[in-house]
Amino acid sequence: MTTLLIPKPPLFSFKECLWFLNRSYDDCLYHITDNSVTKAILIDEQTVVITVTEDQENIVVNVLTGRLPTQSKTALSTYIDDWFDLQRNIEPFYKLLSAHPSLGYMATDFAGLRLMNIPDVFEAICWSIIGQQINLTFAYKLKRAIVEKYGTYIVIDGVKHYTFPKPAVLALLSIEDLKALQFSRQKADYIITLAKLFEAGEISKAQLLQLSSADKVKTLVSLKGIGIWTANYVLMKSLNDTNGIPHGDVGLLKALEDHALIINRKDDKAIAHLFSQFPGWQSYLVHYLWRSLAIPKS
DNA sequence: GGCCAGGACTCAA
DNA sequence: TTGAGTCATGGC
């Protein structure tokens with residue numbers, strides 16, 4: 001079995017990250033225990049199943065599906081870096097956060113939480129389309145339906161570990177196929193059209209990463225089914241771009257209300273003012289605000 | 001039964 | 001550029 005040790009960066013808490021992944025939802029793309037997460041991922045065109053845990057100094061990655069070639073270890077290491085956002089020094093964010101009168105507690109209560117990414121940008125876009133305008137519980141249910149029907153899986157100890165369906169598979173579906181899984185007609189259309197674009201190579205993560213934040217948003221919004229909310233969600237959650245703010249997000253607005261940072265949900269000035277206090281860390285602020293919405297730790 | 005949910009689109013003015 | 005109407009389905 002291949003094992004990878006990745007030194008923990010400063011201001012990193014594996015438990016906090018794990019807790020965020022879990023929250024109270026039913027995510028079909030990983031399995032979580034008290035101290036580990038197990039997930040199927042794509043490395044160099046090959047699906048492998050990994051379990052991530054920690055020891056005193058390291059993040060410990062075990063590949064359950066057999067030995068990895070040396071060059072794939074690098075790809076795996078990069079995947080973990082992306083997933084847990086390990087390459088970022090978040091100390092400047094903590095300085096800003098600690099200094100804030102009503103948000104400072106987060107630097108202590110959520111200490112070491114990283115912005116948990118969705119490295120596969122196709123998956124990230126599909127997920128944000130699925131999540132548009134429906135409650136999260138139902139959104140996770142829809143995701144499970146499409147993953148279990150069209151994704152691939154590897155069985156380890158009798159448990160199926162799924163990967164998100166590939167564009168090539170979804171590109172061949174009809175709208176009726178997804179409607180049968182309780183997708184609305186529009187969402188079915190958006191996702192199939194998107195899959196065709198990815199399959200044709202007309203859009204890719206590599207291409208998006210080369211653009212400025214503004215151009216990323218512009219490119220994404222030009223696609224059918226992606227509005228300003230979704231585009232910024234993708235910047236924040238998949239492109240490691242900290243300028244992503246999912247404007248108008250109901251969860252974000254609720255968190256701002258909870259902290260008495262806005263008077264009402266159209267208080268754009270107050271919102272702009274808050275984010276202006278966190279230059280370069282907007283997406284982290286959103287992530288921490290989302291974290292504050294979840295059930296408090298016992 | 002009614003309101004809401006980690007929105008986007010179209011079309012009118 | 002802004003606003004209203006539409007889509008669409010489950011959770012609570």
Side-chain angles (χ1 to χ4, degrees), chain A residues 19-29 106 110 113 115-118 121 123-149 164 174-195 197 203 216-239 241-259 261-262 264-269 271-272 274-275 282-295:
Chain A
W19 194 93
F20 185 86
L21 284 182
N22 203 18
R23 291 185 282 172
S24 53
Y25 298 109
D26 175 37
D27 198 304
C28 57
L29 291 177
M106 292 180 169
F110 310 151
L113 173 65
L115 203 164
M116 299 306 296
N117 281 295
I118 303 171
V121 74
E123 174 191 331
I125 299 176
C126 287
W127 171 231
S128 57
I129 289 173
I130 289 172
Q132 289 169 4
Q133 187 57 20
I134 60 176
N135 64 70
L136 272 180
T137 303
F138 182 47
Y140 277 101
K141 196 171 158 189
L142 286 179
K143 181 164 100 168
R144 178 174 289 280
I146 194 172
V147 165
E148 292 187 347
K149 177 108 183 169
F164 195 80
S174 69
I175 290 177
E176 299 305 323
D177 289 330
L178 289 180
K179 279 197 71 180
L181 303 182
Q182 295 178 285
F183 282 66
S184 67
R185 178 167 295 279
Q186 297 101 316
K187 287 188 184 178
D189 188 16
Y190 298 158
I191 287 175
I192 293 167
T193 304
L194 188 70
L197 288 174
I203 179 166
K216 286 174 198 160
V217 171
K218 198 181 294 181
T219 301
L220 288 166
V221 167
S222 72
L223 306 175
K224 202 173 167 63
I226 299 182
I228 204 73
W229 176 86
T230 304
N232 278 288
Y233 181 93
V234 172
L235 258 66
M236 156 179 181
K237 290 286 283 187
S238 190
L239 300 176
D241 188 327
T242 56
N243 291 310
I245 306 172
H247 296 282
D249 178 82
V250 294
L252 173 59
L253 292 171
K254 183 175 187 320
L256 294 174
E257 284 176 340
D258 289 349
H259 291 88
L261 291 167
I262 56 174
N264 60 62
R265 297 196 170 188
K266 290 186 177 176
D267 196 352
D268 292 336
K269 273 189 184 170
I271 296 172
L274 173 66
F275 279 104
Q282 291 89 332
S283 66
Y284 257 85
L285 181 58
V286 172
H287 195 252
Y288 273 59
L289 287 166
W290 280 347
R291 167 64 182 84
S292 76
L293 292 171
I295 309 163

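Letters A, B, ... mirror the listed sequences (proteins, then strands); counts begin at 1.
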Problem set entry | Pairs where residues 133-144 of chain A contributes a residue and the test salt bridge (Lys or Arg N to Asp or Glu O under 4.0 Å) is met, not counting sequence neighbours | A:D26-A:R144, A:D27-A:K143, A:R144-A:E148
Problem set entry | salt bridge (Lys or Arg N to Asp or Glu O under 4.0 Å) partners of residues 216-235 of chain A, not counting sequence neighbours, each pair once | A:D215-A:K218, A:K216-A:D241
Exercise. Contact class for A:I226 (heavy atom, under 4.0 Å): base, sugar-phosphate, or nothing?
Worked result: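 Sugar-phosphate only.
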For this session: Mind checking A:Q182 for me? I need base, sugar-phosphate or nothing, with any heavy atom below 4.0 Å counting as a touch.
Result: sugar-phosphate
Exercise. Where the side chain of A:W229 is concerned, which of B:dC9, B:dA5, B:dA8 is the nearest nucleotide?
Worked result: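 Per side-chain heavy atoms of A:W229, the pick is B:dA8.
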Seminar exercise, completed: Of B:dG7, B:dA5, B:dC9, the nucleotide closest to the side chain of A:T230 is B:dG7
Problem set entry | Residue pairs fulfilling side-chain hydrogen bond (donor to acceptor under 3.5 Å, both in side chains) with at least one residue in residues 129-140 of chain A, sequence neighbours excluded | A:Q132-A:T230
For this session: On DNA chain B, check which nucleotide each of A:G225 and A:T137 is closest to and give me the residue with the more 5' one.
Result: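 The residue whose closest nucleotide sits nearer the 5' end is A:T137.
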Exercise. Taking 5' to 3' order, which nucleotide of DNA chain C is first and which is last to have an atom within less than 4.0 Å of a heavy atom in chain A?
Worked result: C:dC7 to C:dG11
Exercise. Looking at residues at least two apart in the chain, or sitting in another chain, which of them share a side chain to side chain contact (heavy atoms under 4.5 Å, CB included) with A:Q186?
Worked result: A:S184, A:Y190
For this session: Please state how far atom CG in A:L252 lies from atom C1' in B:dG7, giving the value in whole angstrom units.
Result: 14 Å
Identify the pairs formed between an N or O of the protein and an N or O of nucleotides 11-13 of chain B at a distance under 3.5 Å, and give each distance.
none

Exercise. At what distance, to the nearest 0.5 angstrom, does CD1 of A:I262 lie from CD1 of A:I271?
Worked result: 5.0 Å
Exercise. Does some side-chain heavy atom of A:I129 sit less than 4.5 Å from a side-chain heavy atom of A:L194?
Worked result: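 The answer is yes, as the side chains (C-beta and beyond) meet within the 4.5 Å cut-off.
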Problem set entry | Under 3.5 Å: donor-acceptor pair, side chain of A:Y284, backbone of A:L115 |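 Yes; at least one donor-acceptor contact below 3.5 Å.
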